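The block underneath contains the structure these notes are about, expressed in structure tokens.
Values in this document were obtained by computation on a predicted structure and should not be read as measured data. Lettering follows sequence order; numbering is per chain, from 1.
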2 protein chains.
Amino acid sequence: MATGRTHRPATRSRGIPEATVARLPLYLRALTALSERSVPTVSSEELAAAAGVNSAKLRKDFSYLGSYGTRGVGYDVEYLVYQISRELGLTQDWPVVIVGIGNLGAALANYGGFASRGFRVAALIDADPAMAGKPVAGIPVQHTDELEAIIRDNGVSIGVIATPAGAAQQVCDRLVAAGVTSILNFAPTVLSVPDGVDVRKVDLSIELQILAFHEQRKAGEEAAEVAAQAAAGAPAAAAAREKSATDQGPDGDVPAVMPA
Amino acid sequence: MATGRTHRPATRSRGIPEATVARLPLYLRALTALSERSVPTVSSEELAAAAGVNSAKLRKDFSYLGSYGTRGVGYDVEYLVYQISRELGLTQDWPVVIVGIGNLGAALANYGGFASRGFRVAALIDADPAMAGKPVAGIPVQHTDELEAIIRDNGVSIGVIATPAGAAQQVCDRLVAAGVTSILNFAPTVLSVPDGVDVRKVDLSIELQILAFHEQRKAGEEAAEVAAQAAAGAPAAAAAREKSATDQGPDGDVPAVMPA
DNA sequence: CAGTGTGAAACTTTTCACAGCT
DNA sequence: AGCTGTGAAAAGTTTCACACTG
């Protein structure tokens, strides 16, 4: 909602909130499942449940895309799939390179959901000469020396870094220099990139640490609860948790993209 | 947050904002690196740069933990490492089970940063009988039949699901029934869990789709930019991006935990 | 005087609740 | 009658800017 909405009320304008963007893939997945089961329409309530969010949030999110529902009825599944795909830029397909073909890189290469929606693994790249030529997930691994050529020849703009932490920044620099402008980083490092390049980070140990924090909290609360229960009368059962909601928050963080 | 903060101004009370919690692991990692280089103190500016956030945010975050800095000087690295570790519950170590030992599960089992900070892989579990006994990352894989016993015998409260999507909910149910209260889910599914169980989700294709959205946006802006540049005089270079910041947002999303 | 700690302002995201369409 | 679309309120997060302290 950055630039005013003053006029142009019809054609949904730009400026979809980042939090909404982060949820669109979730909706898309739920819708795709419905589509496969040939469900023709769905209400915000049902779709929200399938996506793990609440319906008010979902309706608000969709309102940023336009008015694609029918009052009293719900949303047309196929139509919404198309609209969200388009909004996410998945009507074209994006060639992606994966750099670092260890266990993780191989797992990513084998990941089916990859190809299924808008992405194509254009190349697998590894620094180990012994890997060169070896096929992983049916794609021959190429040596890092080829990186620049691969990026240019395939018009790759999205790169996935699955290397050890030590190599990540260097790989990142080369990717960016060769023209990549979006990076998904699995290495546990903060990457620095020039303006205009987006980096998203996936980090196992950070996720675990966040869980540990809450886990620890629960242990503490349990003790408090027992005490309270002992002191007071009876009703202490489900009274502890702070947030409830049917939500399944993404980002956990507000992960947000970071144009760096 | 929820319960008022009315009194108790002194001792840092409970209720650290979720967004702050999500960044603590980032700070911890940066601090650990400094510690290894034997750097004794660090300013909010330096540490923020290392963690990829801005210094105001970092100071605000630390203010929720207490006053651990020294005005005019900065923060004592060792002391902060300890305080953050304690806050995150990493002074104890958490036994973790990984269910689903495919490429991804193996990658996770081999992930070093795992053991390094507060977590211990208590067991690897897979449904394939052929895997049973086979060691991965030095740990023998056990069959799913043993799941409940493993959880109970090891006092596991954190589980990692790295199975195919189809098996995830079922595995989740068993983990929860056996006593697990925190789950890190790598399968592309929305898990439903009872109240009091936290789920965090890591999803490759969602991340890629978010990148695709921004990538598409860039392409559009580029065109607009060129047009504007042609029409106007000259200054259009770095004027495009909407957010700037040195930030490297986690969550990308607001991933947030979801007490479900 | 360099640099923390923090109120207050600005912005973003979520939730509420209901008018309005089909 | 039912369900969407959305203003408006509430909650959460980030940024600003400066008083205060070692």
When you check the phosphate oxygens OP1 and OP2 of D:dG7, does a side-chain N or O of A:Arg59 lie under 4.0 Å from one of them?
no
What's the [atom1]-[atom2] distance between [X] and [N], to the nearest Å?
X	N	atom1	atom2	result
B:Leu80	C:dT4	CG	C1'	12 Å
B:Leu24	D:dT13	CG	P	13 Å
B:Leu47	C:dG3	CG	P	14 Å
A:Glu45	D:dG2	CD	P	14 Å
A:Phe62	D:dC3	CZ	P	16 Å
A:Asp61	C:dC16	CG	C1'	16 Å
A:Tyr64	D:dT6	OH	C1'	9 Å
A:Leu65	D:dT6	CG	C1'	14 Å

Residues from residues 28-35 of chain B sitting under 4.0 Å of DNA chain D, heavy atoms only?
none
Between protein and nucleotides 19-22 of chain D, what N or O pairs are separated by less than 3.5 Å?
| unit_1 | atom_1 | unit_2 | atom_2 | d |
| --- | --- | --- | --- | --- |
| D:dC20 | O2 | B:Arg71 | NH1 | 3.2 |

Checking [X] now: which residues fulfil ring-ring contact (aromatic ring centres under 6.0 Å, His included) with it, not counting sequence neighbours?
X	result
A:Tyr79	A:Tyr68
B:Phe213	none
A:Phe186	none

DNA chain D: B:Thr20 or A:Val42, which has the more 5' nearest nucleotide?
A:Val42
Can you figure out which of [options] approaches the side chain of [X] most closely?
X	options	answer
B:Glu18	D:dT6, D:dT13, C:dT13	D:dT13
A:Ser44	C:dT13, D:dT4, C:dT4	D:dT4
B:Asn54	D:dT15, C:dG3, D:dT13	D:dT15
B:Lys57	D:dT6, C:dT14, D:dT14	D:dT14
B:Lys60	C:dA8, C:dC18, C:dT14	C:dA8

Is there a side-chain contact between [X] and [Y], using heavy atoms and a 4.5 Å cut-off?
X	Y	answer
B:Arg23	B:Lys57	yes
A:Tyr75	A:Ser43	no
A:Val42	A:Leu31	yes

Output all residues satisfying salt bridge (Lys or Arg N to Asp or Glu O under 4.0 Å) with A:Glu46, sequence neighbours left out; order by chain, then residue number.
none
Suppose we screen for salt bridge (Lys or Arg N to Asp or Glu O under 4.0 Å). Which residues come up paired with B:Asp93, at least two apart in sequence or across chains?
B:Arg120
Using the salt bridge (Lys or Arg N to Asp or Glu O under 4.0 Å) rule, collect all pairs that involve residues 67-84 of chain A, keeping only residues at least two apart or in two chains.
none
Hey, which sits more toward the 5' end of DNA chain C by its nearest nucleotide, B:Ser67 or A:Ala56?
B:Ser67
Categorize B:Tyr75 for me: base, sugar-phosphate, or nothing, with a 4.0 angstrom heavy-atom threshold over every strand shown.
sugar-phosphate
According to the ring-ring contact (aromatic ring centres under 6.0 Å, His included) rule, which pairs have a member within residues 37-61 of chain A, sequence neighbours left out?
none
